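These figures come from a predicted structure and were not determined experimentally. We count ligands from 1, going down the list as the structure has it; atoms in each ligand are counted the same way.
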Amino acid sequence: MSAEIFNKANALLSEIQEATPQTKDELEEYRIKYIGSKGLIKKLFGEIRHVDKDKKREFGQLANSVKKAAEAKFNELKAELEAAADQDVEVPDLTAPGEYFGLGARHPISLLTNEIIEVFNRIGFTVAEEREIEDDWHNFSAMNTPEDHPARDMQDTFYLKDSTKMLLRTHTSSVQARMMTAGEPPIRIIAPGRVYRNETISARSHCQFHQVEGLYIAENVSFADLKQTLLYFAKEMYGASKIRLRPSYFPFTEPSAEMDIYWGLKDETDYRITKGTGWLEILGCGMVDPNVLKNCGIDPERYSGFAFGMGIERQAMLKYRISDIRYLFENDVRFLKQFEGAM
Ligand code: PHE
């Protein structure tokens, strides 16, 4: 009888030695099966009553060693599993190559604007920046634009909600009024900035775009000064050999003109964009109308001046051969990346 029970105990011991729980769940199963309060070891101790009296002590020692072995194994495996779990926490690989942070690129509009500013800086024009939300007076009235001028129409101008006085400036000419009312001549400024017009968005036009305005007010400023300044700009900016001034009309200049640069006819694209003439219209200009000077508190008997204004988008499109103005406003990285490295 006793021998059988001793064999059982030894069999249990080797079973425990051979057990290989791998996971937390398997280890828990192992614990319940052998060490738990209803486990096989508990049962083994129960067998002691069937053991012959003189063997009880020996059996007790054997059962104890089975228990010790089972517990030791459990503790060891538990520690191993916990250590492994700690290692599973994701430790970043510090030797991996870093993520690439692109440096970004200047927007073509900024590139062009900066170039224009630089050209005029060289002949003494300084940058003046002003507000995009303007009042009717600076945008229109001061600029000699009559009450019934079509440009004032709701069709062209974005007025602020519930206001006929506040608007998004429709041109940078509003900066002329700001500068003339704020300062005394001589005034020699270049004013880049965004302007807005209520126009249908297409490949050629947008409801927001950018202009650069120029203004020079001093004593004895003549149309010849205007012409020389613009010729200098055309040469520096475009390497143009000549310019031409065509009579035009703006409410705030008299006389007014539009300036074309000679672009040339070197290839097919040149034929297309100049409509076969070789000439490209770049800006509007003229001598500041005496009414504008008066409106802004400058004596037209003493001072005269010229002004010009040009759109940036069209120039960017020409320079970078961009076929659709909308690319300039969509911020598509695939488009913008092409200007990486340009200064
Ligand atoms: N403000 C005019 C426009 O938006 C351009 C211009 C500016 C013309 C200054 C003459 C003088 O078209």
**OP:** Is it possible for you to say whether L336 and I109 belong to one hydrophobic cluster, with membership spreading through side-chain heavy-atom contacts below 4.5 Å?
**Re:**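 They do share one cluster, since a chain of ILVMFWY contacts under 4.5 Å joins L336 to I109.
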Subject >> Close residues, ligand 1: non-hydrogen atom nearer than 4.0 Å >> reply: H171, S173, Q176, R197, Q211, E213, F250, F252, T253, G284, C285, A307, F308, G309
**OP:** Please name all residues satisfying side chain to side chain contact (heavy atoms under 4.5 Å, CB included) with K68, sequence neighbours left out, ordered by chain then number.
**Re:**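 Partners of K68 under the side chain to side chain contact (heavy atoms under 4.5 Å, CB included) test: none.
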Original post:
Between L231, V119, I116, which is the residue that forms a side chain to side chain contact (heavy atoms under 4.5 Å, CB included) with E236?
Top reply: V119
**OP:** Check the pair R178, E134 against salt bridge (Lys or Arg N to Asp or Glu O under 4.0 Å), reporting the backbone distance first and the verdict last.
**Re:** CA-CA 10 Å; R178 289 270 165 205; E134 247 318 342; 2.8 Å; yes
Subject >> Heavy-atom pair with the smallest gap, counting every atom of V127 and P192 >> reply: CG1-CD, 3.9 Å
Subject >> No-hydrogen, no-angle side-chain donor-acceptor test under 3.5 Å, T95 and D93 >> reply: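 Yes, a side-chain donor-acceptor pair sits under 3.5 Å.
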